[in-house]
Structures are given as C-alpha cells and as structure tokens.
Amino acid sequence: MSVKPSYYSYLTSAVRYDKRLKPSAKLLYSEITALSSQYGFCWATNRYFADLYEVRTETVSLWINSLVKLGYIESKIIYKEGTKQILNRYLEIKGIGIVKDINISIDVFLKDNKKIINSKSNIFFKEKSNNSREKFIE
C-alpha cells in the first residue's frame, strides 16, 4: 500500500502549455509541487514516482531531465563524501508563475475570491492582508 500526499498541486500555464513536454512530465511536475508543499523541495526517488505512475524508473528520469532542461525544476544531488554514491536528491520548483510560498494553505487563495481577475493573458491574485503581500499566479 502506497501512501499518497493529500496536498494540493500546482500546474503553471508555462508548464501546462509547453509543447516540448510530454503530458506525463507535466503531471510529474504537478506531483513535485504537491510533495514540495511542506518544505519547499521534494526528495522522492525515481522509484517512488515509477511505482506511483506504474512506469519504469528510466521513464521518470527522462521526465525529470526534460523538466530540468527547460528550467521548470532544479535537481540537487548530495553525494557521500569522497565517493560518487548518491545520498539524496532534492527537486526544487523553479521558473515563472509559481507561488513563492508553496506551502501556504489553499484557504489563502479561496479567501475573498472576488478579488481574482481572470483574463486570457494571465490570472492576477492580490491578497489583501495586514502586511500587503502580493502573490502572482501565472
């Protein structure tokens, strides 16, 4: 039995409409955002994703490499000191259009949703709060 996170995921328009990406790579990007929601990065292995999507680890590697190559995620590998043995791999969301505070609750976005302005070119969301923070979502 596999444990699946219950976090929301994000799929930016840049990723969603990028014709260079396979649809499964876009889904993986969304999964990485969900797994990054707590700490700002994801440490899931290719084996985890392969089991989740019932594909080979090599397929997951191709998806991740395409997302890295296009600048949507960054992969940081930590090696065992003095060796080429990988201790950890961290995936971090990069690029335009992602909420900076990815670990915020969805309630922030649903609060006073009459402030959302939706046009063909972009979606702009401005959270009015005591500290006047602005969040932009593409």
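When reading the values below, keep in mind they use all heavy atoms of this one structure, side chains included, and skip hydrogens, waters and symmetry mates. All figures in this text were calculated on a predicted structure; none of them were measured in a lab.
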Inset, instruction - Verify the neighbour count for atom CD of E58: are there more than 12 heavy atoms of other residues, nucleotides or ligands below 6.0 Å? - result: yes
Legend entry - Separation of I64 CD1 from T59 OG1 (nearest 0.5 Å): 11.0 Å
Legend entry - Heavy-atom check, side chain of V55 versus side chain of F49, under 4.5 Å: no
Legend entry - Check: I32 main-chain N/O paired with S36 side-chain donor or acceptor under 3.5 Å: yes
Inset, instruction - Flag yes if L62 and L67 sit in one hydrophobic cluster, no otherwise; membership is Ile, Leu, Val, Met, Phe, Trp, Tyr, and two members link when side-chain heavy atoms are under 4.5 Å apart. - result: no
Inset, instruction - Keeping the roles fixed (side chain from S9, backbone from A34), state whether a donor-acceptor pair exists under 3.5 Å. - result: no
Legend entry - Parallel, tilted or perpendicular: rings of Y39 and W43 (30°, 60°): tilted
Under 3.5 Å, which donor-acceptor pairs do the side chains of residues 69-87 form with other protein atoms, sequence neighbours left out?
from : atom 1 : to  : atom 2 : distance (Å)
Y72  : OH     : A14 : O      : 3.2
Y72  : OH     : D18 : OD2    : 2.7
K76  : NZ     : E92 : OE1    : 3.1
T83  : OG1    : K80 : O      : 2.9
T83  : OG1    : Q85 : N      : 3.1

Legend entry - Distance, nearest 0.5 Å, that separates OG1 of T57 from CG of D51: 9.5 Å
Inset, instruction - Mind checking the OH-CG spacing from Y48 to L35? Nearest 0.5 Å is all I need. - result: 5.0 Å
Inset, instruction - Determine the minimum heavy-atom distance between R89 and N46, stating which atoms define it. - result: NH1-OD1, 2.8 Å
Legend entry - Minimum heavy-atom distance between E31 and Y53, given as atom pair plus value: CB-OH, 3.2 Å
Legend entry - Nearest heavy-atom neighbours spanning Y10 and T33: N-OG1, 2.8 Å
Inset, instruction - Taking all non-hydrogen atoms of both residues into account, name the closest pair between L21 and S66 and its distance. - result: CD2-OG, 3.5 Å
